[in-house]
Protein chains: 2
Amino acid sequence: MERGSAQATLAVSTVIFALRPDDESGLKTLWLPLVRRTRDPHRDLWALPGGWLPADEELAAAAGRTLRETTDLSPRYLEQLYTFGDIDRSPGLRVVSVVYWALVRSEVAERASVGENVRWFAADQLPPLAFDHNRIVEYALWRLRTKVEYARIAHAFLGDTFTLAQLRDVHEAVLQKALDPANFRRSMESSGTLISTDQHVAGARHRPARLYRYDDRANEHDPPGPTR
Amino acid sequence: MERGSAQATLAVSTVIFALRPDDESGLKTLWLPLVRRTRDPHRDLWALPGGWLPADEELAAAAGRTLRETTDLSPRYLEQLYTFGDIDRSPGLRVVSVVYWALVRSEVAERASVGENVRWFAADQLPPLAFDHNRIVEYALWRLRTKVEYARIAHAFLGDTFTLAQLRDVHEAVLQKALDPANFRRSMESSGTLISTDQHVAGARHRPARLYRYDDRANEHDPPGPTR
DNA sequence: CCAAAAGTGTTGAGAGTACACCCATGC
DNA sequence: GCATGGGTGTACTCTCAACACTTTTGG
């Protein structure tokens with residue numbers, strides 16, 4: 001097996017999700033940051049953050065780095081999504097992109113740096129993007145919504161402690177449907193991933209809500225993923 | 001974004017599963033073909049079939065081609081598994097491998113070509129393999145066993161028509177546990193992926209079993225995968 | 001008739017859903 | 001008090017596992 005002369009080029013891109021209140025409805029929806037391309041191909045179109053893979057950098061590290069470079073944020077969740085490598089996905093050059101998807105904290109994303117060439121978009125109202133990036137985002141959205149282990153995912157959008165209402169808000173925003181508060185409480189309590197604290201949130205004109213914490217030990221068991 | 005000088009090299013490998021009766025127990029178990037490395041690194045160790053990615057070949061096509069080259073078989077199922085790219089996974093050279101997993105027909109795999117440098121191994125009794133290939137196979141096994149849409153997968157191991165007992169055998173071999181025939185029948189019948197034929201299999205000293213066919217239309221709906 | 005697997009019926013446990021209802025707070 | 005969301009109780013449906021039972025063949 002000798003390495004052939006004609007080679008494909010390796011890139012790493014990241015789909016970064018955050019939860020932000022919609023400007024009009026106020027409901028929380030999924031947003032993601034895109035970067036404006038400053039050169040051809042697809043100059044001036046919006047695209048996923050990413051870049052060529054340096055030979056001395058791990059794949060996930062490259063994804064996390066481009067995430068920090070474009071948003072000044074650190075990922076709370078980062079996972080490989082898929083590798084896209086269609087021959088004609090980039091004009092002229094054969095580019096194979098290993099795509100990651102990441103979740104970042106909502107509140108932090110509010111004050112995240114946005115410049116002329118970085119902008120946040122509502123995930124389901126994207127303009128036409130460069131390359132096959134619309135398809136990639138669609139697939140990332142599908143993966144997010146059909147992911148079984150919601151526990152880690154929902155937690156990635158929240159702070160260290162949170163109320164069940166906040167957690168339910170996250171689930172509702174991701175799943176795009178209302179959840180019964182009573183049943184949601186029970187299913188969370190029986191999932192074994194939550195630790196109830198003694199703290200409560202006062203200040204609202206109703207009964208104070210108890211604060212919960214995520215149980216990190218819940219991760220130690222099952223995940224037989226590719227990275228161990 | 002200029003392409004850096006130091007580049008990683010792209011390879012495509014495939015984990016190929018077939019169902020064969022174990023030599024001793026006679027029970028069906030998962031087997032996979034490996035190729036012996038004829039050069040360094042890891043000369044003489046067994047490894048997954050694969051090779052460098054030609055710039056003019058699609059990823060899945062490269063996976064299917066190496067499958068045919070090593071086994072003379074055509075894949076009945078082929079899906080991208082994961083992309084492995086740890087810096088130190090190959091000594092000396094930075095290699096990023098896009099790994100696919102495939103299923104082939106059991107009976108056909110029986111008479112598949114095996115030479116000095118190709119051999120079939122029981123999937124859960126592998127020797128130490130080259131590179132990180134043990135880890136890759138482990139992950140492929142996990143994906144196979146936790147895959148939700150068993151319909152397509154189990155069908156990939158069978159012929160065009162099959163009895164419910166044969167289909168149940170496949171499920172039992174993959175899941176490594178016995179299934180209740182009555183309940184299995186009902187769950188299959190209600191899944192909407194089977195078409196019952198009027199044919200029956202005679203010759204056994206018990207009631208003849210009806211033959212079923214897989215309903216290809218069942219695939220047209222849901223799959224929002226990365227490839228459309 | 002007998003063994004063996006095909007195929008049917010029935011039951012109970014558990015998960016998920018809908019919804020009525022009580023609790024504690026700010027105003 | 002009253003509105004509001006936090007939190008509890010309960011009944012209903014549906015899925016699934018367990019298993020008794022009937023059917024149809026070969027020997």
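- Boundaries of the chain A contact region on DNA chain C are C:dT17 to C:dG26, first to last in 5' to 3' order (nucleotide atom under 4.0 Å from a heavy atom).
- Using bins of under 30°, 30° to 60° and over 60° for the plane-to-plane angle, the ring pair B:H171/B:F184 lands in the perpendicular bin.
- By the 4.0 Å N-to-carboxylate-O rule, A:K28 lies too far from A:D169 to be salt-bridged with it.
- Atoms CZ (A:R207) and C1' (D:dG6) sit 5 Å apart, rounded to a whole Å.
- What separates CZ of B:R210 from P of D:dT25 is a distance of 12 Å, to the nearest Å.
- Residues meeting the salt bridge (Lys or Arg N to Asp or Glu O under 4.0 Å) test with B:R76, sequence neighbours left out: none.
- Taking atom CZ on B:R186 and atom P on D:dA17, their separation rounds to 11 Å, with Å as the unit.
- Residue order along DNA chain D, read from the 5' end via each residue's closest nucleotide, puts A:A165 first among A:A165 and B:P208.
- One interatomic measurement links the two molecules: CG of A:N183 to C1' of D:dT8, which rounds to 12 Å at whole-angstrom precision.
- Rounding to whole angstrom units, CG of residue A:D180 and P of D:dG7 are separated by 14 Å.
- Counting only distance, with no hydrogens or angles, the side chain of A:R210 and the backbone of A:T197 share a donor-acceptor pair below 3.5 Å.
- At the heavy-atom level, A:A202 lies nowhere under 4.0 Å from the strands shown.
- A salt bridge links A:R135 with A:D86: the closest approach of a Lys/Arg side-chain nitrogen to an acidic carboxylate oxygen falls below 4.0 angstrom.
- We find that NE2 of B:H171 is positioned 14 Å from P of D:dC16, with the value rounded to whole Å.
- In terms of phosphate contacts, B:R205 brings no side-chain nitrogen or oxygen within less than 4.0 Å of OP1 or OP2 of D:dT25.
- Heavy-atom nearest nucleotides on DNA chain C were determined for A:S187 and for B:Y212, and the one closer to the 5' end corresponds to B:Y212.
- The residues A:E138 and A:R143 are annotated as not salt-bridged, no charged nitrogen and carboxylate oxygen being separated by less than 4.0 angstrom.
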